[in-house]
Amino acid sequence: MFDIKYIITLLLVNLTMIVSGQTIRQLEKAGDLAMTYKDYYAAITHYGEILSMKNERLDIHYKYALAANSFNAFEIAEKSLLKVSAAKVDGTLRSDKIRAKYLLGDTQKKLGKYNEAIESFREFIREAVTDVPVNQELINDATKHLEDCEWANEISQAQDNYYEIIHMGDEVNTPFTEFAPVPDQQNLYFSTLRYPDDSYTRNRILSFSKVLKEKNGVVSTILLDNETTTDKHIAHTSFYGEHSRVIFTVCGYSNQGLISCNLYTATAISDDSWGNIVRLPEPVNLTNTTSTQPNLANIDGINYLFFVSDREGGAGGLDIWRSKLNLDGTVENPENLHDINTEEDDISPFFHTNTNTLYFSSEGYQNMGGFDVYHTRVDNDQWGKINHFGTPLNTSYDDVYFSINDDESVGYISTNRPGSKYLIDSLAACCYDLFRVDFESQLDLIARVFDEETKDPIIGSLLKITEQITSDSEQITGNTSHVFDIDVYRNRIYELTFSKAGYESKVIEVSTQELDRMERIEKDVNLKPLPINLLANSFDQADLAALDNITYTIAEWQNESWIPLKTVQIEDVSALELLIEKDKRYRITAVKDEYKNGIAEFDTYNTIGGTNKVVRVLLAKMTRSEVLKKGIDDFLPVPLYFDNNQPAVVDIPSISYQSYGELAEAYYARKPKFTQVNTVGLSGEERTIAGGEVENFFDNEMIYGKESLDVFCSSLFQYLALDNTAEIMIQGYTSPLADINYNLDLGKRRISSIRNHIDRWNEGALLPYMQNGALKITIKSFGESTARPGISDNPMDQKNSIFSIDASRERRVEIIEVK
């Protein structure tokens, strides 16, 4: 078999002479001895001769199957195991029969007969739970194998189609074993174990393994025997730099006939010749342990030696180890890759520097039958997820020593899958051949670019694509489309930077790892428009002089109306600076004393984000009349408050002879009474709040109205003095106390008191304008019709109907407009 634990094929057929005419007892002893020395072909031959004479011997069928399995002759092993597992036996043979069912499932798994294997493992588990000699560990193994078969059934139906696996032919492969392929730019180095004349007979002695080089179909031997390597197995190669040095494996037989391996280094003398062969010191090589399968790697600028060993401190079986290589040539203590290794054998590491990816084979993970190829990526010295390579690279057979060239276009693997050459045709068994893996290493990446807000395609954006490990980058401009169609490599991580004038740049990361079954990656990228910098200045319309002390209000057109966004006051002549959005419609209103409001409307439909939008607002200087009129308009409305039932009826219900000033003074004098009524029965915070409301109403709202009326009259007088005309609109209101008609007349009396105030202001200064028609007053009484709900109209509840602040606010007159 290909005994991976000792890195080479062990076909020690010379150990046991096969002599015809032996007795069945002698043949069985010879077969058992051959199994001890791992001479599986000899064991198959001896047991086979017994079965040719005594085919009913189930115990020999079982041994025959064990030897055949070890020799990778799975088809003949299956036949014997089917016979044993189907037999009706009792006693001690029953346990053998049950174990045969387990071995049958394992054999069928290796043949890729997953449905048959699933049934065999299920039958084994059902029978084994009642059989005490069958240990629980074997049941657990069967359960795992059963799960593996179910999983393998699924993934074998979805094979990867981005690569082709090709047998390398007679130029490289022989009926014996070829393994450990290592490609460089021009050559393929590999190891081989073959007979001197490429023939095989029962009594021939096997030649030792050698390292060969294939170039353009021509194979030559390198690392020839010398005093260090004569009568030793030489295998595996991993090179320093430009092939100035090489690390390789040298293996020899122990006294027990087993093989032990150590790592050696040599210096290049010529292209194919190396000298100064030196065994690597401890701690890489250790006594009584195997160190083999070297692979040199550079990770983040640090040189490492990966290798395989069965030394203590591992997870179990053969493990992958790593040692740091120092500049002076020394090697640091190896570390076990605990994140990768399993309790089973983990072997044949190959590190791909361009992608920081470690490829290896293992029996310990979920597998399809034997050794499968897995890969994992290292980032900041942390190993990532362990990924199964998938099919058809992996099969139910052993798939080991995967390697790949720098640009990931060509890989190599050693495997005993169907299609490999048979050492012995009749057994359909052995050995391992090299297969080339031609990759379609690129994937199709489609990136579409859109405006984040409008969702419209963006044409003319720029894409910079950078490969994360090598930092190689390329820039592409989407001149005529918003779609980028890019070829990217598998097992990489890319940084894609999208940019365009007027938009924020956006960076996304695209990983092509774990995408073995994807031929196309699609990404939609939304770019956020950059805001536009609004620069607004105001100027005098007449002389274009810059204006200061401007209050700006910016509004946006939304849903058929202008919605104010922000108001800003600029005291000097500096520009208003605001960030606004593209593809919008705006209005700026500029306000300044003694100027008419300036308005400028504009849009940003054709404005590039990140640029300046300059807007000039022109303001026309007002005339004296316009200034005064604006002052009056800005002052309105003027609210004027009254005491309950004031002014009282004297003669005519709708007429009052009192002026508002007289009524307001009398009303303010009743402030203590209002305070007393509103705070009666209250204490603490409630009393303070109630008293504060009364204070605020009388000292702020009521007095403000009285003082505002005099200011209003003064402004009105100045306006009329400039030969202007004015019409004043006055409205009167009451609280709901008393009946409706009474309250309508009360509202009119209150308006009448305001008119009296205007007539008598400043010794009748406004009266001439009323007499000549330049000043008109239009009145309307609403009475209680507009009083807010909840205001008391109960005369017995004076606290709420008369003295409450809510009721007090309903007793008012408002000057609302001057035309």
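Not a single donor-acceptor pair under 3.5 Å links the side chain of S753 to the backbone N or O of S656. Within the 3.5 Å criterion, the main-chain N or O of F782 finds no donor-acceptor partner in the side chain of T786. Side chain of S708 to backbone of Y704: a donor-acceptor contact under 3.5 angstrom is found. Formation of a donor-acceptor pair under 3.5 Å by the K592 side chain with backbone atoms of D548 is found in this model. D451 contributes a side-chain N or O that, together with a main-chain N or O of T454, makes up a donor-acceptor pair within less than 3.5 Å. Checking side-chain atoms of R587 against main-chain N and O of A555 turns up no donor-acceptor pair under 3.5 Å. K455 places a side-chain N or O within donor-acceptor distance of the main-chain N or O of E452, the cut-off being under 3.5 Å. Under a 3.5 Å cut-off, the side chain of N387 and the backbone N or O of K385 do form a donor-acceptor pair. Checked by atom type and distance alone, the side chain of N772 pairs as donor or acceptor with a backbone atom of A774 at under 3.5 Å. Although no hydrogens or angles enter the test, the distance criterion places a donor-acceptor pair under 3.5 Å between the side chain of S801 and the main chain of N794.
Closest heavy-atom contact between F717 and A765: CE1-O, 3.7 Å. Heavy-atom minimum distance, V818 versus I632: CG2-CG2, 3.7 Å. Residues F803 and K673 share a closest heavy-atom pair of CE2-CG, 3.6 Å. Nearest approach of I532 to I608, heavy atoms of both residues: CG1-O, 4.0 Å. Across all non-hydrogen atoms, the minimal contact from A447 to F498 is CB-CZ, 3.8 Å. Across all non-hydrogen atoms, the minimal contact from D603 to T607 is O-OG1, 4.1 Å.
For D456 and H482, the side-chain atoms include no donor-acceptor pair closer than 3.5 Å. Defined by atom type and a distance below 3.5 Å, a donor-acceptor pair is present between the side-chain atoms of N800 and D797. Between Q718 and R624, the side chains place a donor N or O and an acceptor N or O closer than 3.5 Å (distance only, hydrogens not considered). Between the side chains of T778 and E727, a donor-acceptor pair is found at a separation under 3.5 Å. In summary, the side chains of S804 and D806 do not present any donor paired with an acceptor at a separation below 3.5 Å, with no hydrogens or angles considered. No hydrogens or angles considered: nothing links the side chains of S511 and Y494 as a donor-acceptor pair under 3.5 Å.
Checked against the 6.0 Å centroid criterion, the rings of F642 and Y660 qualify as a close aromatic pair. Ring pair F697/F674: centre-to-centre distance not below 6.0 Å.
Ion pairing of E626 with K596 is present here, as a side-chain N (NZ or NE/NH1/NH2) and a carboxylate O approach within less than 4.0 Å. Using a cutoff of 4.0 Å between basic side-chain nitrogens and carboxylate oxygens, E594 and K630 are not scored as salt-bridged. By the 4.0 Å N-to-carboxylate-O rule, K528 lies too far from E453 to be salt-bridged with it. A salt bridge does not link R749 with D745: none of the charged nitrogens is closer than 4.0 Å to a carboxylate oxygen. Ion pairing of E810 with R788 is present here, as a side-chain N (NZ or NE/NH1/NH2) and a carboxylate O approach within less than 4.0 Å.
For the atom pair CD1 (I754) and CD (E814), the distance works out to 11.0 Å, reported to the nearest 0.5 Å. Note that the NZ atom of K523 and the CD atom of E509 stand 9.5 Å from one another [nearest 0.5 Å]. Atoms CG and CG, from L619 and D540 in turn, are 8.0 Å apart once rounded to the nearest 0.5 Å. Between the CG atom in D710 and the NE2 atom in H757 there is a gap of 4.0 Å [rounded to 0.5 Å]. One finds the CG atom of N597 at 7.0 Å from the OG1 atom of T589 (value rounded to the nearest 0.5 Å).
Cation-pi contact between R812 and Y733: present, with separation from the ring centre below 6.0 Å and deviation from the ring axis of at most 45°.
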- Check against side-chain contact (heavy atoms from CB on, under 4.5 Å), I599 and I588: CA-CA 6 Å; I599 296 176; I588 291 179; over 6 Å; no
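Annotation: side chain of I758 is in contact with side chain of I728 (closest heavy-atom distance under 4.5 Å).
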